[in-house]
Amino acid sequence: MSTSASASSLNQRLSMSLARPAPAVPASAPGPDRLAQLVALSMPLLFILLWSTGYVAGKLALPHAGPFTLLALRFGLAALVLIVVSLVTRAPWPQTARDWLHLGVVGLLMQVLHFSGVYWAIRQGLPAGIAALLIGMMPLATALGAHLWLAERLSTRQWLGLLGGAAGVGLVIAGRPVLTGGEGAWAAYGAGLLGLGGLVAGTLYQKRFCAGMDLRTGSGVQMSVSALAVLALALWREPVAPDWSVELVASTLWLGLVNSIGAFSLMFVMIRRGQAAAVARLFFLIPGVSALMGAAFLGERLGAMAVLGFVVSALAVGLASRTRTGG
């Protein structure tokens with residue numbers, strides 16, 4: 001057969017192939033891209049719900065165990081699961097002593113100092129919603145910390161966001177000035193702010209020294225160090241054993257598996273996917289969700305001024321987070 005005939009035959013076959021209708025794709029079978037989009041859209045909502053439940057679960061468990069004891073159970077369970085997962089999946093471990101040290105420091109700041117302050121404040125009577133509000137100032141406080149420590153510049157709107165967030169917290173405190181009364185009330189607020197400081201310092205430290213950590217082994221090291229630290233504090237400060245009620249056991253399982261592993265893993269995954277700005281914006285929704293959960297499950301009530309403070313703080317954090325990303 002000649003070359004021209006072969007070309008003519010090939011053209012005919014191509015024309016017939018193009019003329020045929022493409023096979024229909026069932027509408028009920030989403031492709032990989034669509035499934036990935038659904039997962040990406042669901043992650044922020046899931047993160048808000050998981051993170052917010054931690055305050056409610058903590059408040060349910062604290063009548064049955066001291067703050068350090070509860071944290072030792074929480075971190076110990078999370079560390080055990082993460083180490084097993086790391087070994088089974090053959091995840092890479094830190095290579096140098098400095099890497100191990102950096103992970104340990106992040107654990108002491110982001111886990112021990114953060115949650116010790118929050119749980120002690122809740123133990124003193126701080127409502128779950130207000131505890132979440134203080135921690136919800138994390139994007140604003142992180143921006144300020146990055147300005148002071150990492151020399152990152154703050155815009156005028158970010159400074160206004162910081163002032164607005166502080167004003168919102170002030171309105172909430174003014175709307176509910178009494179917790180356990182007297183100095184104990186202000187000590188609870190101070191402990192909550194100390195917890196915020198730990199979370200901010202841990203976030204900045206991890207950003208600078210542990211950005212490339214493996215999620216499984218890095219979190220496992222952090223949780224192991226944290227568990228040992230709070231266990232020592234529990235043996236020193238809380239000699240009374242927990243009562244092992246159903247609430248304590250259920251809350252510990254939830255805090256250790258869902259919050260310490262699930263919520264933090266979601267946060268790190270979203271940050272690594274380039275959604276750091278979205279994570280920052282999500283924090284201004286958590287206080288309101290936690291307050292609603294506290295009202296529904298714990299019978300906590302907030303006055304009109306406190307509600308106004310939540311709104312002002314949410315707007316301030318949203319403004320600052322939007323400014324940081326330029327969008």
May I have all residue pairs that pass side-chain hydrogen bond (donor to acceptor under 3.5 Å, both in side chains) and include part of [range], sequence neighbours excluded?
range: residues 302-318; answer: none
range: residues 219-237; answer: Q206-Q222
range: residues 247-258; answer: T53-W254, H64-E247, W254-N259

Please report the closest heavy-atom contact between [X] and [Y], naming both atoms and the distance.
X: A141; Y: V200; result: CB-CG2, 3.5 Å
X: V118; Y: A131; result: CG1-CB, 4.5 Å
X: S116; Y: V230; result: OG-CG1, 4.4 Å
X: L126; Y: A188; result: CD2-O, 4.4 Å
X: F310; Y: I130; result: CZ-N, 4.2 Å
X: G262; Y: L50; result: C-CD1, 4.3 Å

Test of ring centre spacing under 6.0 Å for W120 and F68: no

Quick one: pull up [atom1] in [X] and [atom2] in [Y] and give me the separation to the nearest 0.5 Å.
X: H114; Y: L196; atom1: NE2; atom2: CG; result: 8.0 Å
X: L134; Y: L193; atom1: CG; atom2: CG; result: 5.5 Å
X: L60; Y: L298; atom1: CG; atom2: CG; result: 5.0 Å

Validation row: V112, L71 side chains within 4.5 angstrom (heavy atoms): no

Do the side chains of [X] and [Y] join up, straight or via other hydrophobic residues, at under 4.5 Å, putting them in one cluster?
X: L231; Y: V225; result: no
X: L228; Y: W93; result: no
X: L257; Y: L87; result: yes
X: L45; Y: V258; result: yes
X: Y55; Y: L292; result: no

Residue pairs involving residues 43-66 (criterion salt bridge (Lys or Arg N to Asp or Glu O under 4.0 Å); sequence neighbours excluded): K59-E300

Pairs flagged by salt bridge (Lys or Arg N to Asp or Glu O under 4.0 Å) wherever residues 95-121 is involved - sequence neighbours left out: none

Side-chain donor or acceptor of E238 paired with backbone N/O of T69 under 3.5 Å: yes

Would you give me the side-chain donor-acceptor pairs under 3.5 Å for residues 77-84, sequence neighbours excluded?
none

Who pairs with [X] by side-chain contact (heavy atoms from CB on, under 4.5 Å), at least two apart in sequence or on another chain?
X: L62; result: P67, L70, Y119, I122, R123
X: A227; result: F75
X: A91; result: S86, T89, D214, R216, T217
X: W244; result: L73, P242, L248, V249

If you look only at distance, which donor and acceptor atoms sit under 3.5 Å apart when one is on a side chain in residues 102-111 and the other is two or more places apart or in another chain?
from : atom 1 : to   : atom 2 : distance (Å)
H102 : ND1    : Y205 : OH     : 2.7

